[in-house]
Amino acid sequence: LQELSEKLADVVLEEADPELWPGAGVPIADMTHEQRGSRYWSKKNAAATFALLERTTSLLTDAKDLRNNRPEDDADMEKQIAAKEREASKLLDKVMKGAKAASRGKA
């Protein structure tokens, strides 16, 4: 999860940079319909990636809290961590499917 969080942070920084969005530097009134749509999609994609980063960071924090609380049964702790990792994986799959669907709708 830590590695994923670091990768997502790099992607968020790139995707959230308005200078990299379609139509950067062009007044909105002068943008084509396609530029506006692509710009909107870029903003939504950046927001979705940021939400995934927030969720991953939250899962990491939860896992650290579990480790710090030292449940009496280490197997229970491992089960809880595994559950959080499965939850993160499902969330990642959902976001990726949404991004793919959005890109297919764009083409």
Side-chain angles (χ1 to χ4, degrees):
L1 282 177
Q2 182 63 41
E3 289 176 24
L4 176 61
S5 180
E6 291 169 8
K7 288 177 185 178
L8 286 170
D10 290 339
V11 174
V12 165
L13 290 174
E14 184 176 332
E15 289 181 353
D17 184 352
E19 293 297 319
L20 300 177
W21 293 342
V26 177
I28 291 178
D30 295 338
M31 284 185 196
T32 65
H33 178 74
E34 184 177 337
Q35 284 174 317
R36 286 191 311 271
S38 294
R39 186 175 180 92
Y40 177 75
W41 184 86
S42 294
K43 290 177 185 180
K44 287 186 67 142
N45 193 59
T49 305
F50 185 71
L52 182 58
L53 173 61
E54 285 183 312
R55 186 67 181 133
T56 303
T57 303
S58 174
L59 289 171
L60 277 170
T61 301
D62 291 350
K64 286 177 185 174
D65 288 347
L66 286 173
R67 286 187 191 109
N68 291 338
N69 290 336
R70 298 280 183 212
E72 292 180 21
D73 182 6
D74 283 343
D76 182 54
M77 178 176 70
E78 292 301 321
K79 287 179 186 176
Q80 291 179 36
I81 291 171
K84 292 291 185 179
E85 288 176 342
R86 284 191 302 274
E87 186 179 341
S89 179
K90 287 178 186 177
L91 182 60
L92 178 60
D93 288 344
K94 182 179 177 182
V95 169
M96 294 304 291
K97 284 179 185 176
K100 286 179 185 177
S103 68
R104 276 184 270 149
K106 190 72 186 125

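What's counted below: heavy atoms across the whole structure, side chains too, no hydrogens, waters or symmetry copies. On a predicted model such as this, the values are computed, not experimentally measured, just so you know. Heads up: numbering here begins at 1 and tracks the sequence.
Between the side chain of S42 and the backbone N or O of S38 there is at least one donor-acceptor pair closer than 3.5 Å. Without hydrogens or angle criteria, T56 side chain to L52 main chain gives a donor-acceptor distance under 3.5 Å. A donor-acceptor contact shorter than 3.5 Å is absent between the side chain of S58 and the backbone of E54. Side chain of W21 to backbone of E15: a donor-acceptor contact under 3.5 angstrom is found.
To the nearest 0.5 Å, the span separating CG on L13 from CZ on F50 amounts to 10.0 Å. With rounding to the nearest 0.5 angstrom, the CD atom of E6 is 10.0 Å from the OG1 atom of T57. One distance of note links CD1 of I28 with CZ of R36; it measures 9.0 Å at 0.5 Å rounding.
Placement of M96 and V12 within a single hydrophobic cluster is found when ILVMFWY residues are connected by side-chain heavy-atom separations under 4.5 Å, directly or transitively. There is no path of hydrophobic side-chain contacts, each under 4.5 Å, that joins V11 to V95.
Taking all atoms of both residues into account, the shortest heavy-atom contact from L60 to S5 is CD1-CB, 3.8 Å. When every heavy atom of M31 is checked against every heavy atom of R39, the shortest pair comes out as CE-CD, 3.6 Å. Of all heavy-atom pairs between E19 and A24, the closest is O-CB, 3.3 Å. Considering every non-hydrogen atom in both D30 and Q35, the closest pair reads O-OE1, 4.3 Å.
If you run side chain to side chain contact (heavy atoms under 4.5 Å, CB included) between E87 and each of D62, L59, L92, only L59 comes through.
In E3, the CD atom is not crowded: 12 or fewer heavy atoms of neighbouring residues, nucleotides or ligands sit closer than 6.0 Å.
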Practice item. List the steps, then state whether side chain to side chain contact (heavy atoms under 4.5 Å, CB included) holds for K97 with K94. Key: CA-CA 5 Å; K97 284 179 185 176; K94 182 179 177 182; 5.9 Å; no
Check your understanding: Hey, mind stepping through K7 and D10 against side chain to side chain contact (heavy atoms under 4.5 Å, CB included) and telling me if it holds?
Key -> CA-CA 5 Å; K7 288 177 185 178; D10 290 339; 5.7 Å; no
